[in-house]
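Have a look at this one before I ask anything.
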Amino acid sequence: MIELNHRVEPDPDVVITELEGKEAVLLNLSTKMYYTLNETGLRIWQMLSSGRTFGEISETLSGEFDVIGELTAEKLVKVVDE
């Protein structure tokens, strides 16, 4: 199980090509499989590459992509405490 204090780093066999800073293509040289990343996926990849923990990534994404805050403000969702 991955926890918030864990770090994950890109495999050395994976290369990335950014496309205009909004998308990217990952290529695993070992498996010859490629994957596309949208803007959010690219941002997450950049943070993984910088050595941040999952908790740090989550905190940064919450600030950069305040989707839940916007949905709450528009009364489309409500926060439920457990």
Side-chain angles (χ1 to χ4, degrees):
M1 175 95 179
I2 297 174
E3 308 228 354
L4 290 177
N5 64 333
H6 290 162
R7 295 181 200 284
V8 175
E9 60 185 37
D11 188 291
D13 286 338
V14 176
V15 294
I16 183 170
T17 300
E18 291 188 32
L19 309 170
E20 299 180 15
K22 295 194 179 233
E23 296 177 307
V25 176
L26 301 176
L27 173 62
N28 185 320
L29 299 173
S30 298
T31 65
K32 309 290 189 260
M33 296 291 294
Y34 71 92
Y35 307 87
T36 58
L37 300 177
N38 63 14
E39 186 175 0
T40 305
L42 174 58
R43 184 68 180 116
I44 292 168
W45 187 265
Q46 290 167 336
M47 288 187 282
L48 290 173
S49 299
S50 70
R52 295 187 187 186
T53 65
F54 278 106
E56 292 167 334
I57 291 170
S58 175
E59 188 174 313
T60 300
L61 289 175
S62 292
E64 291 180 6
F65 301 97
D66 187 22
V67 175
I68 298 298
E70 291 175 24
L71 292 173
T72 304
E74 295 297 324
K75 302 195 183 305
L76 297 171
V77 300
K78 61 182 176 178
V79 178
V80 180
D81 292 326
E82 292 197 26

- Message: With a 6.0 Å cut-off (strictly less than), is the heavy-atom count around CD of Glu74, excluding the residue itself, greater than 12?
- Response: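 Counting neighbours around CD of Glu74, 12 or fewer heavy atoms of other residues, nucleotides or ligands fall under 6.0 Å, so no.
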
- Take atom CG in Leu76; do more than 12 heavy atoms of anything else shown fall under 6.0 Å from it?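 Counting neighbours around CG of Leu76, more than 12 heavy atoms of other residues, nucleotides or ligands fall under 6.0 Å, so yes.
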
- Atom CZ of Arg52 and atom CZ of Arg7: how far apart are they, to the nearest 0.5 Å?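 Result: 10.5 Å between the selected atoms.
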
- Value rounded to 0.5 Å, distance of CG in Leu42 from CG in Leu19: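 Interatomic distance, Leu42 CG to Leu19 CG, rounded to 0.5 Å: 9.0 Å.
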
- Message: Quick check on the hydrophobic clustering: are Tyr35 and Val25 connected, directly or via other members, by side-chain heavy-atom contacts under 4.5 Å?
- Response: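 Hydrophobic grouping puts Tyr35 apart from Val25.
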
- Does Thr60 use its side chain to pair, donor to acceptor, with the backbone of Glu56 at less than 3.5 Å?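 It does hold such a pair.
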
- Please round to the nearest 0.5 Å and tell me the distance separating atom OG1 of Thr40 and atom CG of Leu61.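 If I round to the nearest 0.5 Å, the distance is 7.5 Å.
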
- Verify, without hydrogens or angle tests, whether Ser58 (side chain) and Gly55 (backbone) share a donor-acceptor contact under 3.5 angstrom.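 No; zero donor-acceptor contacts below 3.5 Å.
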
- How many angstroms lie between atom CG of Leu37 and atom CG of Leu26, to the nearest 0.5 angstrom?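 Going from CG on Leu37 over to CG on Leu26, the span is 4.0 Å.
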
- Euclidean distance, Leu4 CG relative to Glu59 CD, rounded to 0.5 Å: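 The CD atom of Glu59 sits 10.5 Å away from the CG atom of Leu4.
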
- Message: Quick check: do Asp11 and Asn28 have side-chain heavy atoms less than 4.5 Å from each other?
- Response: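 The answer is no; the side chains never approach within 4.5 Å.
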
- Task: Answer yes or no: does atom CZ of Phe65 have more than 12 heavy-atom neighbours from other residues, nucleotides or ligands under 6.0 Å?
- Result: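 It does: Phe65 CZ has more than 12 such atoms within range.
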
- In terms of hydrophobic clusters joined by side-chain contacts under 4.5 Å, are Met33 and Val15 together?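 Cluster IDs for Met33 and Val15 differ.
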
- Distance (rounded to the nearest 0.5 Å) between Leu27 CG and Lys32 NZ: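 Answer rounded to 0.5 Å: 8.0 Å.
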
- Message: Val8 and side chain to side chain contact (heavy atoms under 4.5 Å, CB included): which single residue from Thr53, Leu48, Ile57 fits?
- Response: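 Of all the options given, the one that passes is Leu48.
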
- Message: Check for me, please, whether Val77 and Val67 land in the same ILVMFWY cluster - side-chain distances under 4.5 Å, paths through other members count.
- Response: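 Same cluster.
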
